[in-house]
Structure formats: C-alpha cells, structure tokens
2 protein chains.
Amino acid sequence: MTRPTLASPRPGGRPRDESRDHTIRQAALELLAEHGYDGVTMDRVATRAKAGKATIYRRWPSKIALVMDALTQFTEQTLQVAEADSMRKELVAFLSAFADLVGHAQGRIMAEVVSEMPRNPELRAAVRERMWNQRMTTSEGIVNRGIARGEVGASADPNILVEVGTAMILQRLLITGDPVDGAFVEHIVDDVILPYARGV
Amino acid sequence: MTRPTLASPRPGGRPRDESRDHTIRQAALELLAEHGYDGVTMDRVATRAKAGKATIYRRWPSKIALVMDALTQFTEQTLQVAEADSMRKELVAFLSAFADLVGHAQGRIMAEVVSEMPRNPELRAAVRERMWNQRMTTSEGIVNRGIARGEVGASADPNILVEVGTAMILQRLLITGDPVDGAFVEHIVDDVILPYARGV
C-alpha cells in the first residue's frame, strides 16, 4: 500500500511507502531479538530490509529513533485491550497480552531492551516516555472504568496494573525463568491485584 | 587477617589469605558496577586488586566463578534479616535491605547483572541457583514464622516476598526509575503483600 503521509509532507519527495516502512521496522526488531541492541546497526537494517541507508535515514534520523518507533508500533498492536464488562476481564486481557509479548516469540526483544536500559540513558528515557506512559494510561483506564462500575472504591490506585502486574511478569521473564502462563496471570489478578484494588 | 581455610585445604600451598580474597572480590564488584559484565576481565581484576593472575585463577577457575562468588557474598551480607516479633517487621526489614542493595550505591551491580542475564545462560543459571534460591528461602522463613504466630493462614504463599515484593522494586529500578524508598517499601508490605498473605 502506497499513500502520501498526511502528518509529515515532504515537499518534492516521493510519497512515503508504508509497506517499506513496515519492512524496515520489522528488520530492526528481528535484529534486536537476534543480536541485542548493540547488534542493531543501520547497515544491517538496510541489508535485511533490502533498503538503501539513505531511505532509512530520511525516515529515522538515528538508530534509537528507528528502534523506538518500531517498538512502539509493535507494542501498541500487541497490547490493545478492548473494554469489557468487568475490571477483572480487562485486567486478565491486558496481562495476558503483556505475557504473550514478553514471554513468547518476541520476548527476546523486550529482554534485550530492558537489558540495554541501565547503560543507555537515551533509550531509558525513550522507553519511559513513549512505552511506559502508555501502560500507565491503560492502567488508569481500566481502574477508572472499575470505579465507575462500582467494582472498586474511588481511592483505588490507578497505577495498580503496572505497579504490580507487569512487575510480577517481568521478574519471571528477566530473573527467575518461571512460566508466565494463563494460570499465573489469573493468580496475579485474583490473588494480588483485585484484593489490593478493593483496599482490603 | 590470615588464616588457613578449613573448607578447602590445598596440600603444599600457602594458607589462603582471606583479606586478599576480599580485595579481589571487591575489585570484581567495582569493575562490574563501572564497566558492566563484559568489562570485568581477569586482567583488570588483577590490576585493580594488585594481585597476580595466577593467584586469582588458583582461587576462581573462571570469571563467572569469581563474579558469582563476589555477588553471593555481597548479597548475603546485605540481605541478612534478623527475626523480629511480627511478619510485617521482617518483610519491611528484608525489602528495605533489598531496596538499599538495588537502589543505592551498589545498585548498578545488580542492574548490570540482570541486564547480562538474557544473553548469558551460564550467568542466568548461576544467579537463579545461587542467589534467587536464597531469596526464596528467606521468603519461606518469614511466611512460616508468620503462620506459626497466627498472623497469616497456613495456606499463605511461601514465595510471596519474592514473587511480589522484589518484583515491584526491580521494576522501578530497571524500568520506571521511580523512587525506591521507605514509603514505597511500606506501601508494598501494607497494601499489597499483607492483604495477599492474609488471603482476603
């Protein structure tokens, strides 16, 4: 699919090729999973995506811009949560999607990003601003709908999903290696998050 | 202090110099904090500790053996928890020590280790077997004393301290950068762990 990009028209340039952009982003994610953050270079991305380096640099001014754009699009697609008729269903749906993201096929991507963060302040700031704040927004939405339905009190911590739920999943992924499966997600929601949200 | 080591007598060798061992371990930890796991080399450790490489290799056959020995001794000293008269006090004491460990002066050591784990199966296995299992043992002890005192029911999850508490602290350290202070530790214990342990 080829169409002009409304957001950033480039005078005199060819219309942006969205499928080309997708291929380049995908190449960056594959290299990240295979070789870690250090192993992602614009040269390798160009080779893998069969694209010219000039094409890549016209679209993304730096490696970090490309990696963060690819990651953000990828996680947004993966972590879409539809509104449901209960807070529990929405919590389980989100944490299941998060567990799939970090625990299965693409899990190595997130592990590589997290492992690069301590030594890379620019990446750390970008992950916090562009990816983590979106998780906080998701968490607030779920808790606020729970408050509106009367499932939890108005003082329920809006960050609960992230502060507790993703933390428990990430620790298993990054440290213990214990399974992150449906039973674990339901355990987090039923035994830890919901009692905490209800303020008991 | 120089004394023969009872655990591993070496026929014909000089008695092991414990203060020398300590200096070498300390050099490994400093290099880990400053340069990351890749930056720890036996050459650098030898220079920093003013020790011969042969001396180091006689004691530790490999870099990973030295790093894990240094880490294990360091965390054991830091994470000693005295028995107290309530489960809450013991939970707060342990998590405060853990927060000090990962959140302050030496925090970079743990961040570097965690960040190396995804790409280093040998280190990952060693951390899980030698460091994480000790945390599980600590958690079981605290929960079992709580059960014996009647503070929580007999079905309380023995892994609760680690599964929830350290996870919440590590996520702040590794990802969000939010403060890991006394207020956060009390929040974890009072709002999340204890309600979960009481099975409400």
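All figures in this text were calculated on a predicted structure; none of them were measured in a lab. Numbers restart at 1 for each chain; the letters A, B, ... are given by sequence-line order, proteins then strands.
- If you measure heavy-atom distances from B/L170 to chain A, the contacts under 4.5 Å come from the side chain alone.
- Contact of A/V162 with chain B is made through backbone and side chain together, with heavy-atom distances under 4.5 Å.
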| query | What's the verdict on side-chain contact (heavy atoms from CB on, under 4.5 Å) for B/T166 and A/Q171, showing C-alpha distance, side-chain angles and the deciding distance? | reply | CA-CA 8 Å; B/T166 60; A/Q171 180 173 265; 2.7 Å; yes

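- Proximity to chain A is absent for every atom of B/N133, based on heavy atoms less than 4.5 angstrom apart.
- For B/F184, the part lying near chain A is the side chain, with the backbone staying farther off; criterion is any non-hydrogen pair under 4.5 Å.
- Pairs passing the salt bridge (Lys or Arg N to Asp or Glu O under 4.0 Å) check and including a residue from residues 164-176 of chain A, sequence neighbours excluded, read A/R172-B/E163.
- At a 4.5 Å heavy-atom cutoff, the contact between B/M168 and chain A is made by backbone and side-chain atoms alike.
- Checking side-chain atoms of B/R128 against main-chain N and O of A/I175 turns up a donor-acceptor pair under 3.5 Å.
- The only option from B/D157, B/V164, B/I193 that meets the side chain to side chain contact (heavy atoms under 4.5 Å, CB included) definition with A/V192 turns out to be B/V164.
- Nearest heavy-atom pair across A/D191 and B/Y196 is O-CD1, 3.2 Å.
- Note on A/G177, A/A167, A/G36: by heavy-atom pairs under 4.5 Å with chain B, the leading option is A/A167.
- Contacts of A/H35 with chain B are absent, with no heavy-atom separation under 4.5 Å from either backbone or side chain.
- Between B/L174 and A/M117, the shortest heavy-atom distance links the atoms O-CE, 3.6 Å.
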